[in-house]
Amino acid sequence: MSTRTKIAALLQSREFGKEFTVKGWVRTFRNNQFIAMNDGSTLNNLQAVVELNSMDESLLKRLTTSASISVTGELCASLGKGQAVELKVKKLEVLGDCDAEKYPLQPKKHSLEFLREKAHLRFRTNTFAAVFKLRHVLAFGIHKFFNERGFVYMHTPIITASDAEGAGEMFKVTTLPFEQTPRNPEGQVDYKEDFFGKATNLTVSGQLEAELGAMAFGEVYTFGPTFRAENSNTARHAAEFWMIEPEVAFNDLDDNMQLAEDMLKYVIRYAMDQCPDELEFLKTRLLEEEKQKPQEERSEMDLIAKLQFCLDNEFQRLTYTEAIEILKNSNPNKKKKFKYLIDKWGADLQSEHERYLVEKHFKKPVILCDYPKEIKAFYMRQNDDGTTVRAMDILFPGIGEIIGGSQREERLDKLETRMNEMHIPASELYWYLDTRRFGTVPHAGFGLGFERLIMFVSGMGNIRDVIPFPRTPKNADF
RNA sequence: UCCCUGAUAGCUCAGCUGGUUAGAGCACAUGACUGUUAAUCAUGGGGUCGCUGGUUCGAGCCCAGCUCGGGGAGCCA
């Protein structure tokens, strides 16, 4: 068995004179002498120094970008400036060659679009190493947060037969042959012949099932893949994404908003604690990128300052009605700069309105609540005014909606009436309605788009760059 | 799906009003140099100008359709 020291540990070590073995991949080989190598344990590279004429020339020729190597040598204080320690190479072995002429990545800046096409190799770049390390840390932080608060992690089904929720277009799951699908006497596809004996789809949300768990455990959360077959071509939509959906018995909407704000702040702080190098790198990357933009489009704060600002300030809470008033009296509305002008109560807010509220008016995360019932889902709790429901959306700068949630309608009669109005078949959701029949309680929950959280924390502008192998319309490579 | 925009060397991009041999930097190869930090210097190889059709004496450039990317919108997380 070979012992190897990880670069993260070695860069911290000051055991000069001691011999270590390091294994990793070449990032660059400079001056026929200096190997910058990385093993994934840290964003930082180790400099391994080959003494001139101490190694076979043909061996050094093989030190191309991304060749895998094993290096044994003595740790010493670096003579050069960029690093504190370096390894004086005694033994060098190439484990796997990498043909520099065929290997697509070069030690230079590549566009994100180009790297997206090389998704199988992009982990080897600093940017994506940082993003996907951050993704791991944020996922872990979310589990940590809920675990510390006594939530039960619940696995809701990926394949579901309930098509009544209306959260979006669904992917069909079937084993029926596309040619000659079995038909019933009316000529429709006969799903009785299908694998599950009924039409099934990939889940668009675990919420309804999570509510069932909350009625026993009190507080549960889901964290799993979610699928939407919408033909959405934007930087913040994917066909397959991960969603976190807590559901808490006895919580009202205010508790719900507090839980969401606490959770976001907890995981952002956790990422800042665990990934200082990664965030520093991404901050610099973003500053470089913004140099290309005209002055007025640049951010006022750098990435780390933005995250810190988010931690230090209360999210702005206001009702839909208050938001409409602000928008109605806003400059862009008066000067008719909005594409969709706000004239009356009841209109759904467009992206431009949300962005105005978050980025121009309040300049911090905003929680909007108490929306008109017409523009929200059937399960949201109706307010006494008869026109609004206890819904809430959390809007983040640059991202838009990062969380959507509500207090749920726990009163059976009100829920059934609303389902009727919205033509949702109660018979198919008997199991959901049973929670309101048997020991119903007020409860609330929300859905957090995991990739949108990563986008916010990493500063990446496209959802395709925060999920390893993104699935979007016309793209399911790798 | 709609609006705008783009596709030229392995990568990033320039290419004038349609004109004869399509360029640069980086990468790669060869050599020089040797405490470099995306090393530097010299030399060299490298192109189906996204695809299909059209206009024209002549198309990288103009027109139409298609494919894919980017920005915005809708749907939402």
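We use all heavy atoms of the structure for the numbers below, so side chains are in, but hydrogens, waters and symmetry mates are not. Chain identifiers are assigned alphabetically (A, B, ...) following the order of the sequence lines, protein sequences preceding nucleic acid strands; residue numbering begins at 1 within each chain. Only a predicted model underlies this, so the values are computations on that prediction, with no experimental measurement involved.
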- Task: Walk me through it: do Q258(A) and D262(A) pass the test side chain to side chain donor-acceptor pair (under 3.5 Å)?
- Result: CA-CA 6 Å; Q258(A) 195 58 49; D262(A) 289 349; 3.0 Å; yes

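- Listed nucleotides: rG71(B), rU34(B), rA77(B). Nearest to the side chain of F241(A): rA77(B).
- Every residue two or more places apart in sequence or in another chain that forms a ring pair (Phe, Tyr, Trp, His ring centres under 6.0 Å) with Y320(A) is listed here: W345(A), Y371(A).
- With rG35(B), rC28(B), rU34(B) as the candidates, the nucleotide lying closest to the side chain of A100(A) is rC28(B).
- Heavy-atom distances to RNA chain B give each of Q83(A) and K376(A) a nearest nucleotide, and the one nearer the 5′ end belongs to Q83(A).
- Nucleic acid contact class of G447(A) (heavy atoms, under 4.0 Å, all strands): sugar-phosphate only.
- Whole-Å rounding puts the K337(A) NZ to rA73(B) P distance at 17 Å.
- When each of G461(A) and T234(A) is assigned the nucleotide of RNA chain B bearing its nearest heavy atom, the one mapping closer to the 5' terminus is G461(A).
- Remark: the separation of the C1' atoms in rA73(B) and rG65(B) is 25 Å, to the nearest Å.
- To the nearest angstrom, P of rG74(B) lies 18 Å from CD of E169(A).
- Remark: the backbone N or O of G445(A) is paired with a side-chain donor or acceptor of N256(A) at under 3.5 angstrom.
- E245(A) comes within contact range of no nucleotide atom at all, as no heavy-atom separation falls under 4.0 Å.
- Judged by distance alone, with hydrogens and angles left aside, the side-chain atoms of E278(A) form no donor-acceptor pair with the main-chain N or O of L134(A) at under 3.5 Å.
- S232(A) comes within 4.0 angstrom of a base, heavy atoms only.
- Q207(A) and S205(A) get closest at one heavy-atom pair: N-OG, 3.0 Å.
- Summarising the geometry of I375(A) relative to G346(A), their closest heavy-atom pair is CG2-O, 4.1 Å, with the distance given to 0.1 Å.
- Side-chain N or O atoms of E359(A) include one that pairs as donor or acceptor with a backbone N or O of G398(A) at under 3.5 Å.
- Taking a 4.0 Å limit (strictly below) on heavy-atom distances, residues 388-403 of chain A reaches RNA chain B at E401(A), I402(A), I403(A).
- The C1' atoms of rG23(B) and rU30(B) are separated by 23 Å, rounded to the nearest whole Å.
- Taking the P atom of each, rU20(B) and rC11(B) are spaced 26 Å apart, rounded to whole Å.
- On a pure distance criterion of 3.5 Å, no polar donor-acceptor pair joins the side chain of Q106(A) and the base of rU12(B).
- Between rA38(B), rU34(B), rC68(B), one nucleotide has an atom nearer to the side chain of T28(A) than all others, and that is rA38(B).
- With hydrogens and angles ignored, a donor-acceptor pair closer than 3.5 Å exists between the side chain of R228(A) and the base of rA77(B).
- Using a 4.0 Å heavy-atom cutoff across all strands shown, K81(A) reaches at least one base atom of the nucleic acid.
- Annotation: proximity of residues 342-351 of chain A to RNA chain B (heavy atom, distance under 4.0 Å) is found for Q350(A), S351(A), numbered in ascending order.
- Distance check on atom C1': rG19(B) versus rA59(B) gives 10 Å, rounded to whole Å.
- No more than 12 heavy atoms of other residues, nucleotides or ligands shown are found within 6.0 angstrom of CZ on F140(A).
- Within the 4.5 Å cutoff, the side chain of Y270(A) has no heavy atoms near those of the I142(A) side chain.
- Note on N233(A): a base of the nucleic acid sits closer than 4.0 angstrom, heavy atoms only.
- Distance alone, capped at 3.5 Å, is enough to place a donor-acceptor pair between the D252(A) side chain and the D255(A) backbone.
- The side chain of E230(A) lies closest to rC75(B) when the candidates are rC75(B), rC76(B), rU34(B).
- Evaluated for a side-chain contact (heavy atoms from CB on, under 4.5 Å) with L202(A), the options V173(A), T226(A), T160(A) yield exactly one hit, V173(A).
- Comparing the same atom, P, in rG50(B) and in rU8(B) gives a spacing of 6 Å after rounding to whole Å.
- Between the side chain of S68(A) and the backbone N or O of G24(A), no donor-acceptor pair lies under 3.5 Å.
- For the pair R27(A) (side chain) and S66(A) (backbone), a donor-acceptor distance under 3.5 Å is absent.
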- So what is the 5' to 3' dot-bracket string for RNA chain B, if pairs are Watson-Crick or G-U wobble with both distances under 3.5 Å, crossing pairs use [ ] and | means the partner sits on another strand? (((((((..((((.....[...)))).(((((.......))))).....(((((..]....))))))))))))....

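- When the P atom of rA77(B) is taken as reference, atom CD of E247(A) falls 14 Å away, rounded to whole Å.
- The P atoms of rC49(B) and rG44(B) are separated by 25 Å, rounded to the nearest whole Å.
- In terms of phosphate contacts, N31(A) brings no side-chain nitrogen or oxygen within less than 4.0 Å of OP1 or OP2 of rU34(B).
- The nearest whole Å value for the distance from the CG atom in L52(A) to the P atom in rA32(B) is 13 Å.
- Taking the side chain of K61(A) as heavy atoms from C-beta on, and the options rU34(B), rG70(B), rU30(B), the nearest nucleotide is rU30(B).
- A donor-acceptor pair under 3.5 Å links the side-chain atoms of E352(A) to the main chain of Y340(A), judged by distance alone.
- Within residues 113-133 of chain A, the residues having any heavy atom under 4.0 Å from RNA chain B are, by residue number, E113(A), F114(A), R116(A).
- The side chain of S111(A) contributes an N or O atom lying less than 4.0 Å from OP1 or OP2 of rU12(B).
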- Query: Can you give one letter per nucleotide of nucleotides 42-47 of chain B, going 5' to 3': B for a protein heavy atom under 4.0 Å from the base, S for sugar-phosphate only, - for none?
  - Reply: ------

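- Between the side chain of H237(A) and the base of rC76(B), a donor-acceptor pair under 3.5 Å is found.
- One interatomic measurement links the two molecules: NZ of K88(A) to C1' of rG35(B), which rounds to 12 Å at whole-angstrom precision.
- Not a single donor-acceptor pair under 3.5 Å links the side chain of S13(A) to the backbone N or O of A9(A).
- For the C1' atom pair drawn from rC4(B) and rG74(B), the interatomic distance equals 15 Å after rounding to whole Å.
- One can place CZ of F223(A) at 16 Å from P of rA77(B), the figure rounded to the nearest angstrom.
- Figure legend: K364(A) and F396(A) shown without cation-pi pairing, the cationic atom not lying both under 6.0 angstrom from the six-membered ring centre and within 45 degrees of its axis.
- Residues R408(A) and E211(A) are in side-chain contact: their nearest non-hydrogen atoms beyond the backbone lie under 4.5 Å apart.
- In this model, the phosphate group of rU36(B) is not approached by any side-chain N or O of R30(A) to a distance below 4.0 Å at OP1 or OP2.
- Across all strands, A238(A) comes closer than 4.0 Å to base atoms (heavy-atom distances).
- F34(A) does not qualify as a stacking partner of the rG35(B) base, lacking a centre-to-centre distance under 5.5 Å together with planes within 30°.
- Here the closest heavy-atom approach between residue N333(A) and residue F338(A) is recorded as OD1-CD1, 3.6 Å.
- With hydrogens and angles ignored, the 3.5 Å screen pairs no side-chain donor or acceptor of R122(A) with any backbone N or O of A129(A).
- At distances below 3.5 Å, not a single donor-acceptor pair connects side-chain atoms of E245(A) with backbone N or O atoms of Y221(A).
- For the P atom pair drawn from rU17(B) and rA24(B), the interatomic distance equals 22 Å after rounding to whole Å.
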